[in-house]
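Input: a single structure, listed below in structure tokens.
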Amino acid sequence: MSATSPAAVVVLAAGEGTRMKSKIPKVLHEISGRSLVGHVVAAARELAPQHLVVVVGHASEQVTAHLNAGDAVRTAFQAEQNGTGHAVRMGLEELGGNVEGTVIVVCGDTPLLSGETLGALAATHAADANAVTVLSAEVPDSTGYGRIVRDSATGAVTEIVEHKDATAEQRAIREINSGVFAFDGRLLGDALGKVRTDNSQGEEYLTDVLSILREAGHRVGACVAGDHREILGINNRLQLAEARRLLNERLLERAMLAGVTVVDPASTLIDATVTYERDAVVHPGTQLLGTTHLAEDSEVGPNSRIENTVVGTGARVDNSVTHSAEIGAGALVGPYAYLRPGTRLGAKAKAGTYVEMKNATIGEGTKVPHLSYVGDATIGDHTNIGAASVFVNYDGVAKHHTTIGSHCRTGSDNMFVAPVTVGDGVYTAAGSVITKDVPAGSLAVARGQQRNIEGWVARKRPGSAAAQAAQASSQETDGQS
């Protein structure tokens with residue numbers, strides 16, 4: 001924990017968000033791989049606070065379950081949404097009352113807010129010895145926002161004036177209140193006990209704490225965010241889409257500065273949880289989602305959806321979909337392949353055109369080039385699976401496993417009916433249905449013997465185009481003999 005790490009961060013996430021017009025609580029709407037509140041929690045954790053608490057209210061069970069799906073997050077319950085001051089009071093009560101040290105309060109619907117900006121707020125708060133420090137921003141158009149009014153001599157904040165109450169001179173101010181604050185924890189606890197509800201909403205306003213502390217002789221300051229877009233809150237789907245665009249641009253910029261080539265950022269999506277190494281290449285129309293990792297010199301896209309997938313060094317994914325898969329170094333996927341959960345493609349292996357794999361381990365150098373389904377299977381090294389092969393893994397009740405050894409050559413249009421084991425070095429004939437284990441080094445032939453019934457078309461389909469073609473061919477053959 002650094003010298004400016006706060007004693008606590010309180011995240012306000014109790015509201016319903018009716019303007020989203022959704023059955024999903026506002027703070028659980030997702031952009032770039034995390035919920036809105038998930039982005040805020042991640043930014044807060046960058047400060048390494050002693051305590052982190054999220055105040056929940058509307059759909060509290062759903063929000064709490066979401067927060068605890070990963071690393072557990074402490075929550076405080078606000079049974080009735082009686083204002084931001086009341087919400088912070090509920091958060092402090094969860095932490096045992098007054099907190100010694102800096103308490104940062106942040107809204108749960110500000111996904112663009114970065115840990116860096118919160119860190120700057122905490123540092124400014126400590127350096128200026130403020131009782132309260134407001135995170136502010138200078139915006140191109142301040143219409144509708146609360147204006148930050150400062151003392152011209154000291155730079156201290158003298159008041160925050162809402163737009164409807166501002167004078168013409170105050171409306172010209174472009175520095176606005178973000179709703180994010182750093183407080184002296186002890187002073188905050190005392191002041192919250194003095195907040196009144198004699199206002200039009202009958203609620204406890206957190207902003208009243210500023211005037212209470214200022215009137216008691218304490219200093220109120222402000223820290224200006226470097227990018228005003230960071231403080232944007234989300235209230236409807238339009239704002240959600242705009243935040244997604246801005247966050248995606250930020251994440252792609254970070255990737256490119258780290259050495260990733262993004263051929264067309266405008267058509268590329270990336271989640272906040274994606275990682276990468278230098279010289280990875282991302283082609284247009286590609287989505288990088290979840291915990292995906294791109295290793296050095298890997299190449300993905302165009303038009304690919306890569307989710308929770310490790311793409312190995314020098315591997316290539318072309319026009320394909322992968323989900324919870326591992327792609328080995330130098331492996332090739334696609335075009336038009338589908339790697340489903342549990343697929344592990346070995347080094348220099350191949351899942352080719354129109355190949356689907358699920359819960360399958362594919363050995364080094366093994367190739368499944370085209371038009372095949374491989375499910376619940378283990379295939380050894382340097383084996384070739386013929387076109388149009390199907391691993392028949394489901395009997396209508398349970399899934400069963402197929403094992404194929406190394407250095408095998410299986411024919412086209414094979415069916416491997418699980419459970420079945422094919423040994424090392426085996427060949428199988430095209431069109432075979434393999435239902436029994438095949439010993440190493442064998443040739444397996446499992447198909448009906450071909451029988452030609454001559455003259456069948458002329459007898460059963462007289463006068464048809466096929467019969468006429470056959471007759472013409474027969475006459476031509478007779479003429480040549």
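Treat the numbers as computed from the prediction; the structure is a model and nothing was measured.
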Note, S32 side chain near H39 side chain (heavy atom, < 4.5 Å): yes
Partners passing ring-ring contact (aromatic ring centres under 6.0 Å, His included) against Y427 (at least two apart in sequence or in another chain): none
T322 side chain to T309 backbone, donor-acceptor under 3.5 Å: no
Pairwise ring-ring contact (aromatic ring centres under 6.0 Å, His included) hits with a residue in residues 357-390, at least two apart: H382-H407
Under 3.5 Å donor-acceptor, E364 side chain and A349 backbone: no
Pairwise salt bridge (Lys or Arg N to Asp or Glu O under 4.0 Å) hits with a residue in residues 258-284, at least two apart: R278-E296
From CA spacing to verdict: side chain to side chain donor-acceptor pair (under 3.5 Å), E454, N452: CA-CA 6 Å; E454 296 189 11; N452 298 333; over 6 Å; no
Under 3.5 Å: donor-acceptor pair, side chain of R244, backbone of E30: yes
Heavy-atom side-chain proximity of S114 to E46 below 4.5 angstrom: no
Atom CZ of R245 with >12 non-hydrogen neighbours under 6.0 angstrom: yes
Results of salt bridge (Lys or Arg N to Asp or Glu O under 4.0 Å) for R34 - residues two or more places apart only: none
Mutual orientation of the aromatic rings belonging to Y354 and Y336 [parallel < 30°, tilted 30-60°, perpendicular > 60°]: parallel
Over 12 foreign heavy atoms within 6.0 Å of NZ, K399: yes
Between CG on residue L332 and CD on residue E299, distance to nearest 0.5 Å: 10.5 Å
Pair N308, T291: side-chain N/O donor-acceptor within cut-off below 3.5 Å: yes
Salt bridge (Lys or Arg N to Asp or Glu O under 4.0 Å) pairs, two or more places apart, involving residues 284-293: none
ring-ring contact (aromatic ring centres under 6.0 Å, His included) against H58, all qualifying residues, sequence neighbours excluded: none
Ionic contact status for E356 with K358, cut-off 4.0 Å: no
